[in-house]
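The structure appears right after this line, and notes come after that.
Start at 1 and go down the list; that is how both ligands and their atoms are numbered. Numbers here simply count residues along the sequence, with the first being 1. No hydrogens, no waters, no symmetry mates; every other heavy atom, side chains included, goes into these values.
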Amino acid sequence: MAQLVGVMTTSHVPSIGVAMDTGLTFDPYWKPLFDGYGPAKDFVRDLAPDITIVVYNDHGLEIFLDRVPTFGVAAAPEYVSGDEGWGPRNIPAFKGDPAFSWHLIEHLVAQEFDLTMYQELQVDHGFTVPMSIAFGGRSGEIAAWPTRVVPINVNCIQYPLPQPRRCFKFGQAIRRAIDAYPGHERVMILGTGGMSHQLQGERAGFMQPAFDRMFLDQFAPNPQALIDLPLGTYMKEAGHEGAELIMWLVARGAMNADINEVYRHYHVSASLTAAGLGCYVNA
Ligand code: DHB
Ligand code: FE
């Protein structure tokens, strides 16, 4: 069977990608953030995943407010970085694994997660920035990604969003599907988004490090405390976009009850976002 070898979780701020691509990682504003990414890259290199499942949300590149799936899984042979206003990122296309994707889709639907499925999909910063943090690959740096990918998107844009508990259960269903795959692939899950931030309205710029630190502290030993919080609490305490943390809970749901935190990094702020990162393995 395929094996879940580890999880990385990280914020997915678009300007982190722009900073990488324009050579600003040693700039005094960005250096403290990027300094924290080195050990995460080492962790991912050692995991050597054949397949990386990227749990992210689309921010209006492919999914508009008129049609918003709650959960979607892609099964394309290839995914490219779309143009979000800075031009498409100059990074290699991401190779998919349609056989593995269709296996996931079949198993998730059989487990009563009624999905949207994509046979074509461009990916935005929610996907590409975490991939660059995990594998390197700023503009022009690598010729090919060292892993195949499966994009899984979660609605974090248009109310109502799925509840934290539902996202955790979605992760549990993903894990059962991985375990049932007949291959011997090493699978990593990349959970993206968060930490605290709000991009619009009266509270634009809102960040709350105390909530973020509580989330990071509970994530490995006590996820129950996090899935018991209603979505409204995330929006109030972490900001509207801070509720993207529900995608970290998808990744957590896929892991064993007992896990080890291998590495953690937290920095305030990157653009309008408190930026968090974690690396985890099953105990
Ligand atoms: C920012 C953060 C996000 O998560 C996002 O999707 C867009 C912008 C920001 O802080 O600029
Ligand atoms: Fe986002």
Side-chain angles (χ1 to χ4, degrees), residues 8-22 24-25 27 29-30 32-34 36-37 53-65 68-72 79 81-89 91 121-134 151-162 164 167 189-209 211-212 215-216 231 234-251 265-278:
M8 189 184 118
T9 49
T10 178
S11 305
H12 63 207
V13 189
S15 48
I16 293 176
V18 177
M20 285 181 181
D21 294 346
T22 56
L24 291 176
T25 53
D27 183 89
Y29 178 81
W30 289 106
L33 176 71
F34 283 99
Y37 288 160
I53 296 173
V54 186
V55 184
Y56 78 108
N57 64 297
D58 181 279
H59 303 74
L61 175 73
E62 284 277 33
I63 299 170
F64 300 98
L65 298 183
V68 183
T70 299
F71 296 115
Y79 308 92
S81 163
D83 184 354
E84 296 182 80
W86 291 283
R89 294 188 64 205
I91 52 177
L121 188 72
Q122 291 186 42
V123 287
D124 73 4
H125 68 271
F127 183 104
T128 68
V129 167
M131 284 295 290
S132 291
I133 293 169
I152 295 190
N153 55 49
V154 176
N155 169 29
C156 294
I157 298 285
Q158 168 74 44
Y159 197 82
L161 277 51
C167 291
I189 300 181
L190 199 43
T192 81
M195 304 211 72
S196 60
H197 63 300
Q198 173 143 346
L199 300 177
Q200 33 28 54
E202 280 171 20
R203 290 209 309 169
F206 174 83
M207 283 174 248
Q208 180 144 249
F211 181 86
D212 294 336
F215 187 95
L216 287 166
L231 184 74
Y234 281 84
M235 291 192 173
K236 185 161 164 276
E237 300 294 332
H240 183 268
E241 280 72 39
E244 290 174 344
L245 286 170
I246 56 178
M247 297 183 292
W248 291 41
L249 297 180
V250 176
H265 177 53
Y266 182 71
H267 176 76
V268 182
S269 66
S271 181
L272 294 173
T273 309
L277 179 146

Look up atom CD1 in I133 and atom OG1 in T10, then write down how far apart they are to the nearest 0.5 Å. 3.5 Å
Does any donor atom in the side chain of H59 or E84 lie under 3.5 Å from an acceptor atom in the other side chain? no
E241 side, atom CD; M235 side, atom CE - distance, nearest 0.5 Å: 8.5 Å
Give a table of atom pairs where an N or O of ligand 1 lies under 3.5 Å from a protein N or O.
from     : atom 1 : to   : atom 2 : distance (Å)
ligand 1 : 4 (O)  : H12  : NE2    : 3.3
ligand 1 : 4 (O)  : H197 : NE2    : 2.8
ligand 1 : 4 (O)  : E244 : OE1    : 3.4
ligand 1 : 6 (O)  : H59  : NE2    : 2.7
ligand 1 : 6 (O)  : H125 : NE2    : 2.8
ligand 1 : 10 (O) : S271 : OG     : 3.4
ligand 1 : 10 (O) : L272 : N      : 3.2
ligand 1 : 10 (O) : T273 : OG1    : 2.4
ligand 1 : 11 (O) : S271 : OG     : 2.7

Applying ring-ring contact (aromatic ring centres under 6.0 Å, His included), name anything that partners F211, two or more places apart in sequence or on another chain. Y234
From T192 atom OG1 to L245 atom CG, the distance as rounded to the nearest 0.5 Å: 10.0 Å
Tell me whether the rings of F127 and Y79 are parallel (<30°), tilted (30 to 60°) or perpendicular (>60°). tilted
So do F64 and I157 actually touch side chain to side chain, heavy atoms under 4.5 Å? no
With 2.8 Å as the limit, count the protein N, O or S atoms near the Fe ion (ligand 2). 3
Test your reading of the model: is there a side-chain donor-acceptor pair from Q198 to the backbone of F206, 3.5 Å cut-off? no
N/O donor-acceptor pairs under 3.5 Å from side chains in residues 266-277, not counting sequence neighbours:
from : atom 1 : to   : atom 2 : distance (Å)
Y266 : OH     : D212 : OD2    : 2.5
S269 : OG     : S271 : O      : 3.3

